[in-house]
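Within every chain, numbering begins at 1; the chains are lettered A, B, ... in the order of the sequence lines, protein sequences first and strands thereafter.
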Number of protein chains: 2
Amino acid sequence: MALEHAILVSLLEQPGSGYELAHRFDRSIGRFWTATHQQIYRVLARMGTDGWITAEQVGQYGRPDKRRWSVTGTGHAVLTDWLREEVQPEAVRHELAVKVRGAAFTDRAGRVALLVEVARYRADHEAVLARYLAGERRDFPGGVPGDDRAALQHVVLRGGIAYERMVLAWLDDVLATLRGLDH
Amino acid sequence: MALEHAILVSLLEQPGSGYELAHRFDRSIGRFWTATHQQIYRVLARMGTDGWITAEQVGQYGRPDKRRWSVTGTGHAVLTDWLREEVQPEAVRHELAVKVRGAAFTDRAGRVALLVEVARYRADHEAVLARYLAGERRDFPGGVPGDDRAALQHVVLRGGIAYERMVLAWLDDVLATLRGLDH
DNA sequence: TCCTGCTATGCAACGAGTTGCACAACAAGG
DNA sequence: CCTTGTTGTGCAACTCGTTGCATAGCAGGA
């Protein structure tokens, strides 16, 4: 498992509260590793008792106190060790691929419904791609490589962009195939 | 959750035992929906008691009997209903993307180790692509569309091929980026 | 002969992940 | 004033998924 490690990376990039982490997981990191806030709070508590991270109470004006977590030396060492381990094959869950194959076992109306749904799904991915591209223009203007950290963040973002472009092209292929059935 | 539905699709395409399903999940479907044999047996048992599938005992020469499962009318109806539901966003878990961002927080030796690991990982994906392409040549020669089922299986396979090609190109980008750090 | 590997099914225990709910204070708009 | 939304933390219950182990017969190579 690697939610702990994703959290370590995120906290090294920028210390923050569980709430903030949950939002980052909805935005940048989350596109490569999803997690809900409940999961994050539970894992943060365990990492805290294991001494990987420490919290600092931060009072705020007009809103609840938060606990800003940052990575300890132990946590940093844990991350370093993990980086040296074998990369596990991705656990892929492409529900849509299963549905497309399932479309062979439904009637014409069902296939039309799937077509509509695929079009909606495509629009979602188009929006994600637009967000990535906007983020790229904002954070990496001119393609100038800054420091190592920026270069690595950028290559991960380029991966996200390539993924979304690939998905969009494939969804067009799926739409054409669904339209071409029993014409 | 959709392991049940992936199993329904697989059994509609071809009835078979839990053992056979586990192997299919390692080959074709499994690239889009992973599952271990223990998980499959448990879900098959539940689907059986729910009346979605029925088993037929098949004696074999020189090896244990197996239970060939096939989909009932109820199961078919369950699948049809599921196909009409909204497609959930994919749950992505790209461990490698997390590691690449984590590489900013390790030393030179750690980054070299990651580089070697990425190269190994790339070779795995190259092998998967080769297997997909071989499967495409075998099952869909000449690009001639057969029946609906074949057309849908083919478009899913094309998705797998596009995914692997995208991953390979991105891994080259990652390798170049890692090599370019602190030159 | 022994060991490894394949076909075939399954239990038990644990850890990961999801869903639903709760509390608390403030801000902003209708 | 009331509702909705945001920031912030967390428990409890449940399901899903993984890991380790067990059984059993046969095939094939060292």
Query raised in the report: Would one find a side-chain N or O of B:Ser17 under 4.0 angstrom from OP1 or OP2 of C:dT7?
Result: no

Query raised in the report: What pairs with B:His76 under ring-ring contact (aromatic ring centres under 6.0 Å, His included), at least two apart in sequence or on another chain?
Result: none

Query raised in the report: Between B:His23 (NE2) and C:dG5 (C1'), how many Å, whole number?
Result: 12 Å

Report task. Would you mind reading off the distance between A:Arg68 atom CZ and D:dT9 atom P, rounded to a whole angstrom? Result -> 12 Å

Query raised in the report: Partners of B:Tyr19 by ring-ring contact (aromatic ring centres under 6.0 Å, His included), sequence neighbours excluded?
Result: B:His23

Query raised in the report: What integer distance in Å separates A:Glu56:CD from D:dG8:P?
Result: 14 Å

Query raised in the report: Within this structure, what is the CD-to-P distance between A:Glu95 and D:dC16, rounded to whole angstrom?
Result: 14 Å

**Report entry** Separation of C:dA22 P from A:His37 NE2 (nearest whole Å)
**Finding:** 14 Å

Query raised in the report: Does a side-chain N or O from B:Tyr19 land closer than 4.0 Å to OP1 or OP2 of C:dT7, or not?
Result: yes

Requested in this report: Rounded off to whole Å, could you give me the CG-to-P distance for the B:Leu3 and D:dG17 pair?
Outcome: 6 Å

Query raised in the report: What residues form a side chain to side chain donor-acceptor pair (under 3.5 Å) with B:Arg122, not counting sequence neighbours?
Result: B:Glu126, B:Asp172

Report task. Looking only at side-chain atoms of A:Lys66, point me to the closest of C:dG17, D:dT9, C:dT19. Result -> D:dT9

Query raised in the report: Are side-chain N/O atoms of B:Thr106 and B:Arg111 paired as donor and acceptor at under 3.5 Å?
Result: no

Query raised in the report: What nucleotide, of D:dC11, C:dT18, C:dC11, holds the atom closest to the side chain of B:Gln38?
Result: C:dC11

Requested in this report: Inspect the contact between A:Glu85 and B:Lys99 and indicate whether a charged nitrogen and a carboxylate oxygen are less than 4.0 angstrom apart.
Outcome: no

Query raised in the report: Within less than 4.0 Å of OP1 or OP2 of C:dG10, is there a side-chain N or O belonging to B:Tyr41?
Result: no

Query - d(CD, B:Gln88; P, C:dG17) in whole Å - result: 17 Å

Under 3.5 Å, sequence neighbours excluded: what are the donor-acceptor pairs made by side chains of residues 128-137 of chain A?
unit_1, atom_1, unit_2, atom_2, d
A:Glu136, OE2, A:His154, NE2, 2.8

Report task. Check side-chain contact (heavy atoms from CB on, under 4.5 Å) between B:Val167 and all other residues, then give those that pass, not counting sequence neighbours. Result -> B:His125, B:Tyr163, B:Leu171

Report task. Measure the distance from CD1 on B:Ile40 to P on C:dC11 and round it to the nearest whole Å. Result -> 15 Å

Query raised in the report: Near DNA chain C, under 4.0 Å by heavy atom, which residues of residues 42-55 of chain A?
Result: A:Arg42, A:Arg46

Query raised in the report: For A:Gln39 and C:dT18, is the shortest distance between a side-chain N/O and OP1 or OP2 below 4.0 Å?
Result: yes

